[in-house]
Amino acid sequence: MIGFEYARASTIADAVNQVGATPGAKFLAGGTNLVDLMKVRVETPAKLIDVTHLPLDRVEKTPNGGLKIGALVRNSDLAYHPLVERHYPILSSAILAGASQQLRNMATVGGNLVQRTRCAYFYDLTMDCNKRQPGAGCAAKNGLNRMNAILGTSEACIAVHPSDMCVALAVLESSVHVVGPRGERTISLSDFHRLPGDTPHHETNLEPDELITAVVLPPQGFAANHTYIKIRDRMSYAFALVSVAVGLELDGGKIKEARFALGGVAHRPWRNARSEAALAGQPPTAAAFAKAADVVMGEAKGYGHNTFKIDLARRAIVRALSQAAGGTPQSQSHKKFA
Ligand SMILES: Cc1cc2nc3c(=O)[nH]c(=O)nc-3n(C[C@H](O)[C@H](O)[C@H](O)COP(=O)(O)OP(=O)(O)OC[C@H]3O[C@@H](n4cnc5c(N)ncnc54)[C@H](O)[C@@H]3O)c2cc1C
């Protein structure tokens, strides 16, 4: 690890001022991603601004019946929050599918959103990586790319965003509240993470001097018909090969609204509006779900070691939609298929 300055922010304004005053400064929340990256010199911030004492650790109802989640709420506290368990169980389920209990006790909502890819070539300083060093090339494309992306990739990068929580947040159509030197603004979750294009080092639409203050969930929680399926190499803890979050609204034996997002397959949680729209008005049958999966996976591209993900994701989509329709969400405590 290289030398760096450390300071604790006393207020939100102080955090924003401090990050703006030192080029290369970064916010420190739970540290479970940033500190790991500093140890291997992938991240070399000049200064860490510890935001953990800011008053952003509350979960509150919003006037319209939604939920405002402070950026510093720990992943465990959020997953087990009674309002989340009752109204947004898909979010509890996705969070509990991620990392380990100890990590979830440290990790925060803001840090989870901004966590960086787990692409092995990003972590290895001896390998070419456009994300780490723009213009260097992408060793993953012809390398051991089993964990890498099959949707939304570019010539420059085939990394995936590793979060489970964000996949559920995509289905819930949440928004991210941020504050910076130019004031406050709201970014919809669907616009928060970027596709790699030819600038894979720009992973989100958050500016480096902006602090995430909260994530806001609309009232629609899909509590009756939801599921989060995560396929991974081992059940104890591992990043997703493929994950699927589903929220369905059923009415009179037909699908009124269908939303589903994939994790582990792209540089951001992946939704496909066309395939979701095609499900509306259909009965919730395996045939309709298979058609929806085909629409999504018709756009997928494998890179050799990860080509198996195309079929895996297709089957996971059908399974997740079927479980959601049947009201049999996957248990994350027992990690068994329902
Ligand atoms: C062994 C291991 C296994 C894991 N497995 C999984 C898994 O299966 N699924 C999964 O989803 N995750 C997994 N994770 C990742 C974990 O969820 C993240 O490390 C964690 O969510 C990051 O949160 P943090 O608060 O520790 O962030 P930090 O490490 O403190 O920060 C991460 C980044 O976010 C920025 N940041 C933090 N807070 C803010 C804010 N309020 N505003 C702006 N920027 C901010 C920091 O500057 C930094 O760039 C795993 C991690 C480890 C170490």
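Counting starts at 1 for both ligands and their atoms, in listed order.
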Would you please say whether a donor-acceptor pair under 3.5 Å links the side chains of [X] and [Y]?
{"X": "H267", "Y": "K131", "answer": "yes"}
{"X": "S188", "Y": "E173", "answer": "no"}
{"X": "N205", "Y": "R194", "answer": "yes"}

Considering non-hydrogen atoms of the protein only, which is the closest contact for [atom], and what is the distance?
{"atom": "atom 41 (N) of ligand 1", "result": "I212 O, 3.1 Å"}
{"atom": "atom 50 (C) of ligand 1", "result": "F239 CZ, 3.4 Å"}
{"atom": "atom 15 (C) of ligand 1", "result": "Q115 OE1, 3.3 Å"}
{"atom": "atom 9 (N) of ligand 1", "result": "D164 OD2, 2.7 Å"}
{"atom": "atom 27 (O) of ligand 1", "result": "G111 CA, 3.3 Å"}
{"atom": "atom 39 (C) of ligand 1", "result": "G110 C, 4.1 Å"}
{"atom": "atom 7 (C) of ligand 1", "result": "A99 N, 3.1 Å"}
{"atom": "atom 34 (O) of ligand 1", "result": "V114 CB, 3.3 Å"}

Using a 3.5 Å cut-off on N or O atoms only, is [X] in polar contact with ligand 1?
{"X": "K230", "answer": "yes"}
{"X": "L103", "answer": "no"}
{"X": "E43", "answer": "no"}
{"X": "G30", "answer": "yes"}
{"X": "R118", "answer": "no"}
{"X": "A71", "answer": "no"}
{"X": "G98", "answer": "no"}
{"X": "L34", "answer": "yes"}
{"X": "T108", "answer": "yes"}
{"X": "M165", "answer": "no"}

Nearest 0.5 angstrom please: [X] [atom1] to [Y] [atom2], how far?
{"X": "C129", "Y": "D124", "atom1": "SG", "atom2": "CG", "result": "10.0 Å"}
{"X": "H305", "Y": "N142", "atom1": "NE2", "atom2": "CG", "result": "9.5 Å"}
{"X": "F122", "Y": "R116", "atom1": "CZ", "atom2": "CZ", "result": "3.5 Å"}
{"X": "Y121", "Y": "I158", "atom1": "OH", "atom2": "CD1", "result": "9.0 Å"}
{"X": "N112", "Y": "I212", "atom1": "CG", "atom2": "CD1", "result": "10.0 Å"}

Proximal atoms of ligand 1 relative to [X] (non-hydrogen, under 4.0 Å):
{"X": "N112", "answer": "17 (O), 21 (O), 22 (C), 23 (O)"}
{"X": "A238", "answer": "8 (O)"}
{"X": "Y237", "answer": "1 (C), 3 (C)"}
{"X": "N33", "answer": "19 (O), 29 (O)"}
{"X": "F27", "answer": "43 (C), 44 (N), 46 (C), 47 (O)"}
{"X": "D36", "answer": "53 (C)"}

Tell me whether [X] is salt-bridged to [Y], with the criterion being a basic N under 4.0 Å from an acidic carboxylate O.
{"X": "E249", "Y": "R259", "value": "no"}
{"X": "E207", "Y": "R182", "value": "no"}
{"X": "D164", "Y": "R104", "value": "no"}
{"X": "R314", "Y": "D311", "value": "yes"}

_Quick check: closest heavy atoms across V109 and N75, and the distance to 0.1 Å?_
N-ND2, 3.7 Å

_With a 4.5 Å cut-off on side-chain heavy atoms, are L91 and L217 touching?_
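A side-chain contact exists here, since the closest heavy-atom pair is under 4.5 Å.
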
*Can you check whether I2 reaches R41 side chain to side chain, under 4.5 Å on heavy atoms?*
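In contact.
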
*Is there a donor-acceptor pair under 3.5 Å between the side chain of K309 and the backbone N or O of L241?*
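Yes.
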
*From the options T32, L56, L211, L54, select the one whose nearest heavy atom is closest to atom 16 (C) of ligand 1.*
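Nearest option to atom 16 (C) of ligand 1, by heavy atoms: T32.
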
Part of [X] with heavy atoms under 4.0 Å of ligand 1, whether side chain, backbone, both or neither:
{"X": "C166", "value": "neither"}
{"X": "V35", "value": "neither"}
{"X": "P162", "value": "backbone"}

_When you measure from the heavy atoms of P45 to every atom of ligand 1, does any distance fall below 4.0 Å?_
no

*From the options L189, T108, L206, select the one residue that forms a side chain to side chain contact (heavy atoms under 4.5 Å, CB included) with L113.*
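Among the candidates, only L189 passes.
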
